[in-house]
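Numbering of ligands and ligand atoms starts at 1, following listing order.
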Amino acid sequence: MSQVSKAKLVAAICEAGGFGILAAGGRRPESIEAEIRSTRALTGENFGVNVVTLDQRIHQQLAVCVESKVSHIILGGGIPNSALIATAKSNGAKVICFAPSLPIGERLMRAGADALVVEGHEAGGHVGPVAAAALAQEMLPLIQRGVLVFIAGGIGTGEAVASYLALGMTGCQLGTRFLCSVESEAHPATKAVYLRAASRDAVLSPQLDPRLKFIPVRAIANVATEDFIVRQRELLSLMDAHAISQREANVEIEAFWSGRLQRAMRDGDTSNGSLMAGQSVGTVVREDSVYDIISELQDRAATALGRLAA
Ligand SMILES: Cc1cc2nc3c(=O)[nH]c(=O)nc-3n(C[C@H](O)[C@H](O)[C@H](O)COP(=O)(O)O)c2cc1C
């Protein structure tokens, strides 16, 4: 999670028996290197680094991960080609890619991916159109051939983890629940809004016109959600007046969210900042430690799987 998945949180997840992933998207290469070093100072366990393939600095960011001999690189935000996957693997890292459909999952495996993650419409942040449960079933042919597939989006309880494991998933990726953990450095005022929110409060950013092409974002509704509509109207007017190109408008629209996320996570601006959250936010009612979250997920998943076996 951009602005959230930093050394302290990632290390705590790894130390508690999970697999933490640092967010490198939108960051300067030098700061990614420093964050990797900080994480290694806090844990001896392996962790992953998530890079966003659509990021302008993807090649420099990836170079830092490769040189730092990161054990796992997760390629999100776009479909990587085989050359990018080969670069990511060039120093021994395992590479996990986001697959929005079965055909793309098959293509990514042929292109050299070691495992896949599918992310449902319920997830926080930038999302695709298909629900997690539907995507999980779509991936069954790959799972039956032994491909490792992780699932993300809307997961907040051990029971949900158990249901996806029973379906054949290798594991579950949770975002929002950890954003609200004690070790998360998200601003306390922001965390407080998440703890009060219901699942229906995590809404999708509306698209006013098909000429504005962006990946929809799921976030808790606030002033920023309204501002996003206003910004789209402004950009559409500028396009109609031929003052900017469609490409320029789309770059502007993407830039909207990155700045707003920082305002929420770092500054605690819960009105104008972007409160990216999955529909799982309804299951998050307390600010627990990472250790307590993972222990609870494990215990409740084990109980649910035991019930199924019985
Ligand atoms: C604040 C926030 C920032 C996120 N940033 C990223 C990111 O930089 N890269 C990425 O691949 N996914 C990102 N995600 C998606 C998460 O990795 C994860 O798949 C998602 O949170 C799962 O849904 P959940 O929040 O319902 O658990 C982000 C999610 C949130 C809530």
| remark: Closest non-hydrogen atoms of Ala221 and Val203, given as atom of the first, atom of the second and distance, are CB-CG2, 3.9 Å
| said: Quick check on contacts: which atoms of ligand 1 are under 4.0 angstrom from a heavy atom of Gly154? | reply: 23 (O), 24 (P), 26 (O)
| field | Heavy-atom pair with the smallest gap, counting every atom of Ala93 and Ala88 | value | CB-O, 3.6 Å
| Looking at ligand 1, does any of its N/O atoms fall within less than 3.5 Å of an N/O of Thr176? | yes
| Heavy-atom contacts under 4.0 Å between Ala23 and ligand 1: side chain, backbone, both, or neither? | neither
| Closest heavy-atom contact between Ile74 and Gly48? | CD1-CA, 3.9 Å
| remark: Judged by heavy atoms only, the candidate from Glu122, Glu119, Arg27, Met265 nearest atom 15 (C) of ligand 1 is Glu119
| Has the side chain of Thr53 got a donor or acceptor atom that lies under 3.5 Å from a matching backbone atom of Gly76? | yes
| query | In the protein, which heavy atom is nearest to atom 13 (C) of ligand 1, and how far is it? | reply | Met1 CA, 4.4 Å
| query | How close does the nearest protein non-hydrogen atom get to atom 22 (C) of ligand 1, and which residue and atom is it? | reply | Gly153 N, 3.7 Å
| Do Gly175 and ligand 1 have an N or O pair less than 3.5 Å apart? | yes
| Do any nitrogen or oxygen atoms of Gln173 lie less than 3.5 angstrom from nitrogen or oxygen atoms of ligand 1? | yes
| remark: Among non-hydrogen protein atoms, atom 14 (N) of ligand 1 lies closest to Gly124 O, 4.0 Å
| request: May I ask you to decide if the ring planes of Phe228 and Phe214 are parallel, tilted or perpendicular, using 30° and 60° as cut-offs? | output: perpendicular
| Is the backbone of Val52 close enough, under 3.5 Å, to the side chain of Asp55 for a donor and an acceptor to pair up by distance? | no
| task | Say whether, by atom type as modelled, one donor and one acceptor occur between the side chain of Gln207 and the main chain of Leu212 under 3.5 angstrom. | result | yes
| request: Report yes if some heavy atom in the side chain of Tyr194 is under 4.5 Å from a heavy atom in the side chain of Ile220; otherwise report no. | output: yes
| note | A student checking ligand 1 against Ser280 at a 4.0 Å heavy-atom cut-off should list atoms 24 (P), 25 (O), 26 (O), 27 (O)
| query | Going by the atom numbers of ligand 1, which of them fall below 4.0 Å from some non-hydrogen atom of Leu174? | reply | 27 (O)
| field | Heavy-atom nearest option to atom 7 (C) of ligand 1, drawn from Ser2, Ala219, Gly78, Ala186 | value | Ser2
| Any idea which atoms of ligand 1 are less than 4.0 Å away from a heavy-atom of Ala152? | 19 (O)
| request: State whether the side chain of Ser5 and the backbone N or O of Leu22 hold a donor-acceptor pair below 3.5 Å, judged by distance alone. | output: no
| Side-chain donor/acceptor of Ser71 to backbone N/O of Asn46, under 3.5 Å | no
| request: Considering heavy atoms of the protein only, find what lies nearest to atom 11 (O) of ligand 1 and give residue, atom and distance to 0.1 Å. | output: Asn50 ND2, 2.9 Å
| query | Which atoms of ligand 1 have any heavy atom of Gly278 under 4.0 Å away? | reply | 25 (O), 26 (O)
| field | Which residue and heavy atom of the protein sit nearest atom 31 (C) of ligand 1, plus the separation | value | Met276 O, 3.4 Å
| task | Check whether any N or O atom of Gln279, backbone or side chain, sits under 3.5 Å from an N or O atom of ligand 1, and answer yes or no. | result | no
| So, is Phe98 polar-close to ligand 1, with some N/O to N/O distance under 3.5 Å? | no
| Does atom OH of Tyr291 have more than 12 heavy-atom neighbours, drawn from other residues, nucleotides or ligands, at distances under 6.0 Å? | no
